[in-house]
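Reading through the structure tokens given below for one structure.
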Amino acid sequence: MLNMGYRQLSVVLLVIFLCKFSFSSSLCPIDQSISVLKFKETLTIDPTRSWCYPKTVSWNMSTDCCIWDGVKCDELSGHVIELDLSCSQLKGKIDSNNSLFQLSHLQRLNLSMNDFSDSHISPAFGRLLSLTHLDLSSSSFSGQIPSEISHLSKLQYFRIYSGDLRLVARDFKLLLKNLTQLKELDLSNVNISSTIPPNFSSHITILKLGSTGLHGIIPESIFHLPNLEVLDLRSNAQLSGYFPKTKWNSSASLIKLDLSRVNFSSNFPESLSYLTSLHHLSLRDCNLWGPIPESLSNLTRIEYLDLGDNSLNGTIPSWILSYSSLNHLDLKNNHFSGQLDDFKYNTLVWINLKGNQLQGHLPKSIQNLVNLEVLDLSSNNFSGQVDVSYFSNHNQLTDLDLSYNRISLTNENEVKLSLPKSLFRLLLVACEVKELEFLRSAKRLKTLDLSYNKIQGRIPNWAWSNWMFSLEYLDLSHNMLESVDSIPPESYVYWIDLRSNFLQGPLPIPPNFIEYFFISNNNLSGEIPSSVCTVTSLRVLDLARNNLEGAIPQCLGNMSRQLEVLDMQRNSLSGDLQMTFSFQNGLKSFNLHGNKLEGKLPRSLVNCQHLEVLDLGDNHFNDMFPMWLGTLPKLQVLSLRSNKLHGAIRTSRINLFPQLRIVDLSGNAFSAELPTSLFKHLKAMRRIDHSMKEPIDGYYQDSVTLVTKGLQFEVVRILSLYTTIDLSNNKFEGHIPSVLGDLISLRVLNLSHNGLQGHIPSSLGNLSVVESLDLSLNQLAGKIPEQLASQLTSLAVLNLSHNYLEGCIPRGPQFATFQQNSYEGNDGLRGFPISNGCGNDRVSETNNTVSALDDQESNSEFLNDFWKAALMGYGSGLCIGLSIIYFMISSGNLKWLARIIEGMEHRIITRRKKKQRGQRHYRRRNNNRF
């Protein structure tokens, strides 16, 4: 009986214990449930984030909050200690009164990958003093990170990387000072704009401060944090540093080191060889130079190695190609040379060696890299024949680029299914490709660039059917294609480039979804079909330099708001320009140069408020000057040369042509005085902006034909710094207005072949960067201003010939380089180089001659440097650069050619003047006779 009593008592006690345990571990306090539910109710579910799972949908009061999705409670008290709502489709605003901040026992809070785009980070987060883990990453919080975060002294893991947040330098330093328990800190993409303080928690294992605007010098103490496993300071361009020269304290623990785009300006650091635990090393664009030291062969665990965009040289060490665990190798854009050794293991997935000086044949071992997904060997000096079967074993290869080598791609065995079916991106620019048959098996291609090859014939039908729903980018420019079958309108391709082939026949209609269509420099003929206007997604339509004829479809002016570039220059288009441009069109560049268009200029051009380049030159337009174009706020280039425009140019309005930098009205019949009022409006020509930088290369090259320095050339990608006024070959008369001297950014000024009178204004001496000044064939009189010789130090070409100038030719550094034909036809001029009749000219003749030769050589170097600089380009809006096509250049000596042309022009003009003087003399004699 006694034993039975003990047993019964034991059972009762066990039941009481289990009940108590069950009560305390599974039932969360009611206030906790209410707070969590109220937090849920302040937010909505965003179903567009379909890749996420809405954890809060199942929350309701009928169940214990401790078993709700993403909620974790303390086993004894039942208090909510963890909320993991990462990627839960949450959307809304979290303000300081939110019930979330009533959960005072929270230790872990993860709200990452949601959408709180209307919300700042509340200072109330600083009240959750028990937090050890806080993750607010990728949730679109904005504004300033509150200083109250630094009150969370127990915080060990803090992740908040975002592009819309900022942390003031004072709070950044306070945060690092107070959070002494931190093990992980990730503030990637937060705008900090501070120096790095030296006082980091000694417990820290992961430190990520990439793209935060840090500046100054990296404290060396960071490299010696004893428990550091990950250090990421990438993409802080104003940050610099010095690698430790001795062993790092973190050498045993450091697994990942990413210092890309941080300036170190040093030889490749030897001390990296101590980091024997390193798996990931990225030192891209760190301004490192010299060879890779042999000591780095100690990094036997390396899996990811990126040393691209530096100035490293020498050969690529063979031991790098022998790392057994290496899967990512990026050494692009360095100065490595020599032959590429064989790869020892097939673990590599990514190889990028483009932009070096590697040479020789491709290593056969590449064929064994069966796991390879990306191979980029472009822009090297590899040579020899490469058969397409070389890549037949790469069943996972998605990206292949062999462009710009001395490789000839062959298909000797005529294998039709040799390229991997996995290919998404194939670039074989300038690889001697002659046919497309080897691409039959590559049915997943998204990007295909076979430009600058020798592909002949036509684009086969199977190509369009194979790639109809995969291909997005196609470049077959600079080949020898003769025809293109109709492009399926349902194709998904957004970019087609067929420039510089031998294409004949009518213009093919681009597919429905295309945005960029280039088919210039071919032999297309016939009229432009109006069905082109149905392709409403077009942003660039380039039909230049073909044999297209007939009228321009009126609908082209009102295609869509998308169209930015419309280029039909150098065709045989004719008739009136009847295009009607809608007010909301997005046109930036409109080029009809070199056609047979006539009539008046369409007034609807004034609706093109985004227009930057307008070239209607070399046509037969018959109209007055379109002063109404002056209201276009972004117009930079206006070329109306060689038309039948006429009349006086007058304006009284203010703020006309505010951005105009190139104006070419030459070869028309404009009359009366030079447009002084127009010159006063040209604000962009009144300043030299030395802060202008070359923009990133864009998608289209604007071109405008100009005449200067005795040569015709083509400005391609209009150079904003190349400021030009050309009013030559008109009927202007009167004086040269002094206000021209205010246009200080002018590089070229051409007023030749007019009837201008009076003196050359001394204010032209203010044009300090002018390089070509042509005032020839006018009726100018008086002396040449001294200011032109003393202040125009950039002047490379001067033509004052065939006027009525007199007196001494002033002396100056550039004037000493000019020849007689710069002054001929001015009987009253004397001095070097025409005569020795000006004071001390005879004494200084020898010195001047020597100086002239020296300056001539210097000037030649100057011209070379100028054109090199011009080729670099500059611009705004549309991307801009300069390419000059000189006609009949055989010697390469521009000044020699210019002198020949100037000499020929001089002989023609002299004969014409003699003939005109003879005719005048004959008329006077006849008049006197009667």
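- Residue pairs satisfying the salt bridge (charged side-chain N to carboxylate O under 4.0 Å, His left out) criterion with at least one member in residues 219-248, sequence neighbours excluded, are listed as follows: D232-R234, R234-D258.
- In this structure, K354 contributes its side chain and N380 its backbone to no donor-acceptor pair below 3.5 Å.
- A donor and an acceptor atom, one from each side chain of S265 and N287, are located under 3.5 Å apart.
- Residues Q107 and S130 have side chains that never bring a donor and an acceptor to within less than 3.5 angstrom of each other.
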Using a 3.5 Å cut-off and no angle test, enumerate the donor-acceptor pairs between side-chain atoms of residues 203-218 and protein atoms at least two apart in sequence or in another chain.
residue	atom	partner	partner atom	Å
T205	OG1	K183	O	3.0
T212	OG1	L209	O	2.8
T212	OG1	N236	OD1	3.4

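- For the residue pair I145 and I121, the shortest heavy atom distance occurs at CG1-CD1, 4.3 Å.
- Judged by distance alone, the side chain of N405 and the main-chain N or O of L377 form a donor-acceptor pair under 3.5 Å.
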Apply side-chain contact (heavy atoms from CB on, under 4.5 Å) to Q32 and L103, showing your working.
CA-CA 7 Å; Q32 300 280 285; L103 302 175; 4.0 Å; yes

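- Every residue meeting the side chain to side chain donor-acceptor pair (under 3.5 Å) condition with S117, not counting sequence neighbours, appears here in chain and number order: D115.
- Between Y304 and L326, the shortest heavy-atom distance links the atoms N-CD1, 4.2 Å.
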I'd like to know whether I255 forms a side-chain contact (heavy atoms from CB on, under 4.5 Å) with L278, so could you lay out the CA-CA distance, the side-chain angles of the two residues, the decisive distance to 0.1 Å, and finally the verdict.
CA-CA 4 Å; I255 296 173; L278 210 57; 5.7 Å; no

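- Taken to the nearest 0.5 Å, the CD1 atom of I320 stands 9.5 Å off from the CD1 atom of I302.
- In terms of heavy atoms, L402 sits closest to F391 at CD1-CZ, 3.6 Å.
- For Y274 against S251, the heavy-atom pair with the smallest separation is O-CB, 3.4 Å.
- Open room surrounds CD on Q238; 12 or fewer heavy atoms of other groups in view lie less than 6.0 Å from it.
- Considering every non-hydrogen atom in both N334 and L331, the closest pair reads ND2-O, 3.1 Å.
- Residue pairs satisfying the salt bridge (charged side-chain N to carboxylate O under 4.0 Å, His left out) criterion with at least one member in residues 291-307, sequence neighbours excluded, are listed as follows: R284-D306.
- Partners of N346 according to the side chain to side chain donor-acceptor pair (under 3.5 Å) rule, which considers only residues two or more places apart in sequence or in another chain, do not exist here.
- Residues F158 and L155 form a side-chain contact, since some pair of their non-hydrogen atoms from C-beta on lies under 4.5 Å apart.
- In this structure, the side chain of D95 engages the main chain of N98 through a donor-acceptor pair within 3.5 Å.
- One finds the CZ atom of F343 at 11.5 Å from the OG atom of S318 (value rounded to the nearest 0.5 Å).
- Side-chain atoms of S260 and S282 include a donor-acceptor pair closer than 3.5 Å.
- Side-chain atoms of S77 and D74 form a donor-acceptor pair, as typed in the model, at a separation below 3.5 Å.
- Although no hydrogens or angles enter the test, the distance criterion places a donor-acceptor pair under 3.5 Å between the side chain of T44 and the main chain of K91.
- Between the side chains of W289 and N267, at least one donor N or O sits under 3.5 Å from an acceptor N or O.
- Using a 4.5 Å heavy-atom threshold, the side chains of V374 and N352 count as separate.
- V168 places a side-chain heavy atom less than 4.5 Å from the side chain of Q144.
- A distance below 2.5 Å between sulfur gamma atoms is met by C66 and C73.
- For the residue pair S112 and S86, no side-chain donor N or O sits within less than 3.5 Å of a side-chain acceptor on the partner.
- Under the 4.5 Å side-chain criterion, counting only non-hydrogen atoms from C-beta, N298 is not in contact with W319.
- The backbone N or O of N356 lies less than 3.5 Å from no partner atom in the side chain of K332, so there is not a single donor-acceptor pair.
- Counting only heavy atoms from C-beta outward, the side chains of R49 and C87 never approach each other to under 4.5 Å.
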Please assess L375 against D399 for the test side-chain contact (heavy atoms from CB on, under 4.5 Å), listing each intermediate value before the final yes or no.
CA-CA 6 Å; L375 177 62; D399 286 57; over 6 Å; no

Test log, rule side chain to side chain donor-acceptor pair (under 3.5 Å), inputs S365 and D342
CA-CA 5 Å; S365 58; D342 280 326; 3.1 Å; yes

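- Aromatic ring pairs are classed by plane angle as parallel below 30°, tilted from 30° to 60° and perpendicular above 60°; the pair W248 and F223 is tilted.
- Using the six-membered ring where Trp is involved, F125 and F141 have ring planes that are perpendicular, over 60° apart on the 30 and 60° scheme.
- In this structure, R444 places its CZ atom where only 12 or fewer heavy-atom neighbours from other residues, nucleotides or ligands lie under 6.0 Å away.
- N114 places a side-chain N or O within donor-acceptor distance of the main-chain N or O of Q89, the cut-off being under 3.5 Å.
- Applying the salt bridge (charged side-chain N to carboxylate O under 4.0 Å, His left out) test to pairs two or more places apart or on separate chains, those with a residue in residues 147-176 are D135-R159, R159-E184.
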For T56 and L90: C-alpha separation, side-chain torsions, deciding distance, then whether side-chain contact (heavy atoms from CB on, under 4.5 Å) applies.
CA-CA 9 Å; T56 61; L90 298 178; 3.9 Å; yes

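- Inter-residue side-chain proximity for T398 and L423 is flagged as unmet; no heavy-atom pair is nearer than 4.5 Å.
- When atom types are taken as modelled, the side chain of N310 and the backbone of L307 share a donor-acceptor pair closer than 3.5 angstrom.
- No side-chain heavy atom of I351 sits less than 4.5 Å from a side-chain heavy atom of D376.
- More than 12 heavy atoms of other shown residues, nucleotides or ligands fall within 6.0 angstrom of atom OH in Y473.
- With values rounded to the nearest 0.5 angstrom, S119 atom OG is found 9.0 Å from L43 atom CG.
- In this structure, the side chains of P54 and S88 stay at 4.5 Å or more apart for every pair of heavy atoms.
- Atom OG of S297 is separated from atom CG of L299 by 8.0 Å, given to the nearest 0.5 angstrom.
- Applying the 6.0 Å contact sphere to OH of Y494 captures more than 12 heavy atoms from other residues, nucleotides or ligands.
- At least one donor-acceptor pair closer than 3.5 Å links the side chain of S422 to the backbone N or O of L397.
- For the residue pair Y345 and S322, the shortest heavy atom distance occurs at CE1-O, 3.1 Å.
- Panel note: side chain S271, backbone P244; a donor-acceptor pair is recorded below 3.5 Å.
- Atom CZ of residue F424 and atom CD of residue E373 lie 10.0 Å apart, to the nearest 0.5 angstrom.
- To the nearest 0.5 angstrom, L305 atom CG is 8.5 Å from D330 atom CG.
- Proximity of a side-chain donor or acceptor of S250 to a complementary backbone N or O of H224 within less than 3.5 Å is not detected.
- Side chains of Q102 and S35: a donor-acceptor N/O pair is present below 3.5 angstrom, by distance only.
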